[in-house]
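For reference, the structure discussed in these notes is given below.
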Amino acid sequence: MSAEETASESLKRRQFLKSATAGLVITGFATTGQQASAQDNTQRVESLTSTAFAPDHKPVPLPFNAASLDGLSQKLIESHWSNNYGGSVRTLNAVKTQLAEALQQKGTPAFAYNALKREHLMRTGSVILHELYFGNLGGDGRPDSDVQHRIGESFGDFASFETEFNTIALGLGGGSGWVVLAYNSHFQTLENYWLADHMHFPASSVPLLVLDMYEHSYQMDYGAATARYVEAFFRNIQWDAVAARLDSVTTRA
């Protein structure tokens, strides 16, 4: 074999070895990438099934017959429950899934994650307050003497509680928000609270009686006649549910 042929064969062998080595490197990286991907998927599944991120919220059924309320129509209640409350339940589940996925993705900007957390806060508040609202409806609106006495202890008398609660509600008419009678464990007293939205609630407070003042809760029946809606709400309060909530917080205290 001539020197020229020898040099040519040597070059071919070097090119083959280089290509083979590159292939091994690529294969190695692919294997490592697949392992990392599998690990990421496992972590993502674990996050999605952990308590904090589990998208497993389900609408709580109405504790009363929607057609049985005095002055609040079946159409209004069912629409409110299905569309507004149900929509928040569905969105809360979707947001929790997005939070778990965003947390696993490297490089997720903090501002983008916090935008999801803001939605998480809002939807959490909406779901809880709606469940409390529907949970304290379906009664005859007549509190027994024990409930009147226990609430009246904080307000001077029961009538003062009713007057303030009603005044707050009327002030929210035509806008949005909630009125909440709550037990404040820090101050150890009952207080009525004005809430502008689903997201902001007084610290150390447990809701006892909840009134939804968003327009979707009354517009279908009353239009802009807020006072008539508030009157209807009072006629349908399930005071046994309020008493049970009060018993729960005072027992813990």
Please check this pair: side chain of N236 against backbone of L137, looking for a donor-acceptor N/O pair closer than 3.5 Å. no

What are the two closest heavy atoms between G174 and T226, and how far apart are they? N-OG1, 4.0 Å

Is there a donor-acceptor pair closer than 3.5 Å between any side-chain N or O of N136 and the backbone N or O of V242? no

Inter-residue atom distance D247.CG - L208.CG, 0.5 Å rounding: 10.0 Å

Side chains of H198 and Y214: does their closest heavy-atom pair fall under 4.5 Å? yes

Can you confirm whether V230 sits close enough to M213 that some side-chain heavy atom of one is under 4.5 Å from a side-chain heavy atom of the other? yes

Sub-4.5 Å side-chain heavy-atom contact between R228 and Y218: no

If only atom types and distance count, is the side chain of T91 paired as donor or acceptor with the main-chain N or O of G87 below 3.5 Å? yes

Could you tell me whether a side-chain N or O of S82 sits under 3.5 Å from a main-chain N or O of S79, the two making a donor and an acceptor? no

Taking the side chain from N114 and the backbone from K117, do they hold a donor-acceptor pair closer than 3.5 Å? no

Looking only at heavy atoms, the pair that brings Y85 and P59 closest together is OH-CA, 3.3 Å

Shortest non-hydrogen contact from A67 toward Q74: CB-OE1, 3.3 Å

When clusters are formed by joining ILVMFWY residues with side-chain heavy atoms under 4.5 Å apart, either directly or through shared neighbours, do F158 and I168 land in the same one? yes

NE2 (H80) and CD (Q219) are apart, to the nearest 0.5 Å, by 12.5 Å

Side-chain donor-acceptor pair present, S160, D157, cut-off under 3.5 Å: yes

Set out, in order, the CA-CA distance, both residues' side-chain angles and the distance that settles side-chain contact (heavy atoms from CB on, under 4.5 Å) for F201 and V206, then state yes or no. CA-CA 9 Å; F201 198 81; V206 180; over 6 Å; no

Would you say L62 and L76 are hydrophobically clustered, going by side-chain heavy atoms of ILVMFWY under 4.5 Å? yes

Side chains of E164 and N192: do they bring a donor and an acceptor to under 3.5 Å? yes

Would H216 and N83 count as having a side-chain donor-acceptor pair, cut-off 3.5 Å? no

How close do P63 and G135 get, heavy atom to heavy atom, and via which atoms? CG-CA, 4.1 Å

Member of F165, Y229, F161 meeting the ring pair (Phe, Tyr, Trp, His ring centres under 6.0 Å) criterion with F234: F165

Over all atoms of both residues, closest heavy-atom pair of L116 and A102: CD1-CB, 4.2 Å

Answer with yes or no whether the hydrophobic clustering places L129 together with V60; edges join I, L, V, M, F, W, Y residues whose side-chain heavy atoms lie under 4.5 Å apart. yes

Is there side-chain contact between V147 and L246, with heavy atoms separated by less than 4.5 Å? no

Same apolar cluster: L170 and F155, side chain cutoff 4.5 Å: yes

Below 4.5 Å, heavy atoms only, C-beta onward: do N93 and T97 meet side chain to side chain? no

State the CD1-CG distance between I237 and L209, to the nearest 0.5 angstrom. 4.5 Å

Polar side-chain atom of S126 near backbone of M122 as donor-acceptor pair, under 3.5 Å: no

When you measure from the side chain of S154 to the backbone N and O of R150, does any donor-acceptor pair fall under 3.5 Å? no

Quick one: OH on Y222 to CD on E231, what's the gap to the nearest 0.5 Å? 8.5 Å

Side-chain donor/acceptor of S248 to backbone N/O of A244, under 3.5 Å: no

Joint cluster assignment, M199 & W178, ILVMFWY side-chain distance < 4.5 Å: no

Without swapping roles, check the side chain of W239 against the backbone of D140 for a donor-acceptor pair under 3.5 Å. no

side-chain contact (heavy atoms from CB on, under 4.5 Å), that's the test. Do L211 and Y133 meet it? Break it down for me. CA-CA 6 Å; L211 169 59; Y133 169 71; 4.3 Å; yes

Q188 side chain reached by Y183 side chain, heavy atoms, under 4.5 Å: yes

Stepwise ring-ring contact (aromatic ring centres under 6.0 Å, His included) check, H130 with H57: CA-CA 13 Å; H130 273 105; H57 297 282; over 10 Å; no

Minimum-distance pair of heavy atoms, taken over all atoms of Q105 and T108: O-OG1, 3.0 Å

Please determine, by modelled atom types, if S205 and N184 share a side-chain donor-acceptor pair under 3.5 angstrom. yes

